> 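Let me begin by handing over the structure; questions about it come next.
Computation of the quantities below employed the complete heavy-atom set of this structure, encompassing side-chain atoms and omitting hydrogens, waters and symmetry-equivalent molecules. If you read the sequence from its start, that first residue is 1, and numbering goes on from there. Since the model is a prediction, treat every value here as computed from it, not as a measurement.
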Amino acid sequence: MTPEILALEREADQLKVDGKPEEAIAKLQEALAIDESFVRAHLGLSVLYNTAGDYEKSVSHAERAVELEPDDPFNMAALSVTYQRAFEGTKDPIFIQKAEDALARNNR
């Protein structure tokens with residue numbers, strides 16, 4: 001990771017704390033424009049989009065984090081939680097099945 005990416009991540013974290021989620025999203029998107037494989041930016045965007053009720057983008061970023069680091073148990077657990085939250089927000093049962101699948105994959 002470059003110092004620039006880490007600085008953008010820190011700025012995004014502070015903006016989130018300051019109650020400025022849209023600006024935090026923009027900072028993390030800037031980081032991904034520099035390095036699309038920056039997993040923490042994908043995880044941060046997943047959380048921010050979930051909070052904003054944009055479950056499609058939330059799930060997409062959580063899935064991308066797992067694609068980039070498939071053996072990381074934290075990423076798989078985060079994906080399962082993201083699916084659960086997407087279900088809570090949408091009531092679409094596909095998300096429960098996906099959450100269970102992600103949890104099962106994490107427990108192998």
> Any chance you could measure Leu48, atom CG, to Asp54, atom CG, to the nearest 0.5 Å?
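Here the interatomic distance stands at 11.0 Å.
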> Answer with yes or no whether the hydrophobic clustering places Leu28 together with Met1; edges join I, L, V, M, F, W, Y residues whose side-chain heavy atoms lie under 4.5 Å apart.
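Leu28 and Met1: one cluster.
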> Please report the closest heavy-atom contact between Ala62 and Leu79, naming both atoms and the distance.
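Scanning both residues, the minimum pair turns out to be CB-CD1, 3.7 Å.
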> Does one hydrophobic cluster hold both Val39 and Tyr49, with members joined at side-chain heavy-atom distances below 4.5 Å?
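Looking at the clustering, Tyr49 is in a separate group from Val39.
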> Mind listing the closest non-hydrogen atom pair of Phe38 and Ala31 along with its distance?
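In this case the closest contact between Phe38 and Ala31 is CD2-CB, 4.2 Å.
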> Has His42 got a side-chain atom pairing as donor or acceptor with Glu36's backbone, closer than 3.5 angstrom?
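Side chain of His42 to backbone of Glu36, a donor-acceptor pair under 3.5 Å: yes, one is there.
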> In Å and rounded to the nearest 0.5 Å, what is the NZ to OG distance from Lys57 to Ser46?
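Output value for this atom pair is 12.5 Å.
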> Does one hydrophobic cluster hold both Tyr83 and Phe74, with members joined at side-chain heavy-atom distances below 4.5 Å?
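No, Tyr83 and Phe74 fall in different hydrophobic clusters.
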> Taking Val66 as the starting point, is it possible to reach Leu43 by hopping between hydrophobic residues whose side chains are less than 4.5 Å apart?
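No, because Leu43 and Val66 fall into different hydrophobic clusters, even though each may have its own neighbours under 4.5 Å.
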> Do you know which of Lys98, Arg105, Gln97 makes side chain to side chain donor-acceptor pair (under 3.5 Å) with Asp101?
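Result for side chain to side chain donor-acceptor pair (under 3.5 Å) with Asp101: Gln97.
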> Just by distance, do the side chain of Ser60 and the backbone of Glu56 share a donor-acceptor pair under 3.5 Å?
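The answer is no, because no donor-acceptor pair under 3.5 Å joins these two groups.
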> First locate atom CZ of Arg40, then atom CD1 of Ile5, and finally report the distance between them rounded to the nearest 0.5 Å.
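One finds 10.0 Å between CZ of Arg40 and CD1 of Ile5.
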> Tell me, which pairs form a salt bridge (charged side-chain N to carboxylate O under 4.0 Å, His left out) where one or both residues lie in residues 67-83, sequence neighbours left out?
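Qualifying pairs, neighbours excluded: Arg64-Glu67.
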> How many angstroms lie between CD in Gln29 and CG in Leu32, if you round to the nearest 0.5 Å?
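Output value for this atom pair is 7.5 Å.
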> Does some side-chain heavy atom of Lys16 sit less than 4.5 Å from a side-chain heavy atom of Val47?
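Yes, side chains in contact.
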> Which distance, rounded to the nearest 0.5 Å, do you find between the OG1 of Thr82 and the OH of Tyr55?
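Reported value, rounded in 0.5 Å steps: 11.5 Å.
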> Given the rule that I, L, V, M, F, W and Y join up when any side-chain heavy atoms are under 4.5 Å apart, are Ile94 and Val59 in one cluster?
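Yes, Ile94 and Val59 fall within the same hydrophobic cluster.
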> Can you measure from OG (Ser37) to CG (Leu68) and round to the nearest 0.5 angstrom?
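That separation rounds to 6.0 Å.
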> Enumerate the residue pairs fulfilling salt bridge (charged side-chain N to carboxylate O under 4.0 Å, His left out) with a member in residues 82-94, sequence neighbours excluded, ordered by first and then second residue.
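Every candidate salt bridge (charged side-chain N to carboxylate O under 4.0 Å, His left out) pair involving residues 82-94 fails, so no pair, neighbours aside, qualifies.
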> Could you list the residues that satisfy side chain to side chain contact (heavy atoms under 4.5 Å, CB included) with Glu30, not counting sequence neighbours?
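By the side chain to side chain contact (heavy atoms under 4.5 Å, CB included) rule, Glu30 matches Leu8, Lys27.
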> Restricting to non-hydrogen atoms, name the atom on Asn50 and the atom on Ala86 that form the minimum distance, rounded to 0.1 Å.
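That would be ND2-N, 4.2 Å.
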> Locate the shortest heavy-atom distance separating Ser80 from Ala99; write the atom from each residue and the value.
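Ser80 and Ala99 have their closest heavy atoms at OG-O, 3.1 Å.
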